[in-house]
Amino acid sequence: MKVPFLDLKRWDEELKDALKTKFNLILENGVFSGGEEVKNLEAKVSTYLNSPFAVSCANGTDALELALRALGIGPGDEVIVPAMTWVSTAEAVLIVGAVPVFWDTDENGLLASDWECAVTPGTKAVIPVHLYGKMLGMDDMIAKAKAHKLYIIEDAAQSFGAFQNGKAAGTFGDVGCLSFYPTKNLGALGEAGMCLTSSPRLAERIKMLINHGQLMRDEHQLIGRNSRIDTLQAGFLNVFLERFENHQMIRKKFAKYYLSNLSLIEQIQLPQGILEPDHNSHLFVIQIDKRDELKDFLFRQCVGTAIHYPSTLPDMSPYREAGSFMKARRLSKQGLSLPLNPWMNESEIAYVIEAIQKFFL
Ligand SMILES: Cc1ncc(COP(=O)(O)O)c(C=O)c1O
């Protein structure tokens, strides 16, 4: 058996037909930027996540940059960022001319709760990242940010559809940023992203920023850019959104299967809270001392795995920062993502489990 980490060619015929029908519809309509598909997507996400405003954009990295710009963060400002995340989180901060200040994570890769120690008079915002789909404790985050008068930009790129006490990832902060990169739980057939906010002022600013500073054609009020979503991607996302909860159920079922079978192997640290509603089961990341050996072994058994991520940000040259970042570094050396997606079947999950068990024999 061959188990790829993720194979997006495996979509079932029903889904492929729905996507083709959507493509044909858009082709016939002749609207390829903006239009009904974009309006529908924003309205549906706004309702599903209970976010008063949902402004689509070109990708998740732009969503972070737009959030920072809309909040007026720029040169001279500091933004607290976890040491373990996808580069976009810090990249966006640098793109707007501010400085990312890294802080260690807890053992699950979420910004450690003592992040307040990084606050200086120059700190303007903190970016909690709901890494692997697991949400940070947002009550504590909000209380601390309030005490220091900081903005919260939630990087919810990996956590679409996770809810903490009934409230969606991305709706706790001043702005929440989503990515619809194809490998995400809600993924497009290309690039797309979104900003969530409950502030009409911020929503309006972000709408202007994605469209050359204009709300009305030819009325340019500020310097923006083009970060509009493609109509095609919005249309495809509308198709996926209808199937989202079903796909989530499959993820949860497979995650449960992994958990119950791998919990007997004491050398493996399993992902915490992956079956809870505040985890969308985006990635199933185990931690193990012999990570690289296990990865190689699984590769030889034809099981694809991935590492999210092999280096912390302060250890990369563009983001270099001195510090211990012990837990984030440990995760970069010990974390291994097992295949988990709705396009797999149960016998493949069983095969991955058996292969891991064999490694420990
Ligand atoms: C944590 C995190 N932040 C930001 C992004 C950026 O999203 P995008 O790839 O859509 O630009 C991603 C996705 O790749 C991500 O995983």
Side-chain angles (χ1 to χ4, degrees), residues 5-6 8 41 45 54-69 79-96 100 102-103 105-106 108-111 125-136 141 152-162 169-170 172-173 175-196 206 209-210 225-230 232-234 236-237 240 271 279-285 306-314 316 318-319 328 331-332 335 337 340-341:
F5 179 69
L6 175 65
L8 298 178
L41 175 69
V45 172
V55 184
S56 55
C57 62
N59 56 67
T61 311
D62 278 10
L64 288 162
E65 183 191 330
L66 292 159
L68 289 156
R69 281 198 200 284
V79 180
I80 298 172
V81 171
M84 172 55 78
T85 175
W86 174 241
V87 287
S88 301
T89 321
E91 196 176 39
V93 174
L94 284 163
I95 286 171
V96 302
F102 295 107
W103 196 252
T105 64
D106 63 12
N108 301 307
L110 304 181
L111 188 64
V126 53
I127 310 188
V129 180
H130 305 308
L131 199 68
Y132 310 147
K134 170 73 181 165
M135 291 178 72
L136 231 87
M141 163 63 55
I152 299 176
I153 298 169
E154 272 180 276
D155 184 338
Q158 299 188 1
S159 58
F160 185 90
F172 286 81
V175 183
C177 302
L178 306 177
S179 163
F180 302 125
Y181 184 71
T183 61
K184 300 290 195 265
N185 289 29
L186 180 67
L189 303 194
E191 310 287 343
M194 195 173 270
C195 288
L196 306 174
I206 293 168
L209 287 170
I210 63 161
R225 52 186 298 195
N226 175 1
S227 181
R228 297 179 301 251
I229 193 173
D230 289 347
L232 273 173
Q233 297 310 334
F236 295 141
L237 285 164
F240 282 109
H279 198 315
N280 72 351
S281 308
H282 174 52
L283 293 172
F284 193 100
V285 180
I307 297 174
H308 297 95
Y309 299 93
S311 173
T312 70
L313 293 193
M316 295 179 192
Y319 306 102
L331 190 54
S332 74
S337 305
L340 175 74
N341 57 77

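Starting from 1, each residue takes its place in the sequence as its number. All ligand and atom numbering here is 1-based and tracks the order in the structure.
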- prompt: Looking just at side-chain N and O atoms, do His130 and Glu154 make a donor-acceptor pair shorter than 3.5 Å?
  reply: yes
message: Can you confirm whether Tyr181 is buried at OH, in the sense that more than 12 heavy atoms of other residues, nucleotides or ligands lie under 6.0 Å from that atom?
response: no
- prompt: Is a side-chain donor-acceptor pair under 3.5 Å present for Ser159 with Asn280?
  reply: no
field: Heavy-atom side-chain proximity of Ile206 to Val175 below 4.5 angstrom
entry: yes
field: 4.5 Å side-chain heavy-atom contact, Leu237 and Leu186
entry: yes
Put together the list of close N/O pairs, under 3.5 Å, between ligand 1 and the protein, could you?
unit_1	atom_1	unit_2	atom_2	d
ligand 1	3 (N)	Asp155	OD1	3.2
ligand 1	3 (N)	Asp155	OD2	2.8
ligand 1	7 (O)	Ser179	OG	3.3
ligand 1	10 (O)	Gly60	N	2.8
ligand 1	10 (O)	Ser179	OG	2.7
ligand 1	11 (O)	Gly60	N	3.3
ligand 1	11 (O)	Thr61	N	2.8
ligand 1	11 (O)	Thr61	OG1	2.5
ligand 1	14 (O)	Lys184	NZ	3.0
ligand 1	16 (O)	Gln158	NE2	2.8
ligand 1	16 (O)	Lys184	NZ	3.4

- prompt: Just by modelled atom types, is the Pro82 backbone N or O under 3.5 Å from a matching donor or acceptor in the Thr85 side chain?
  reply: no
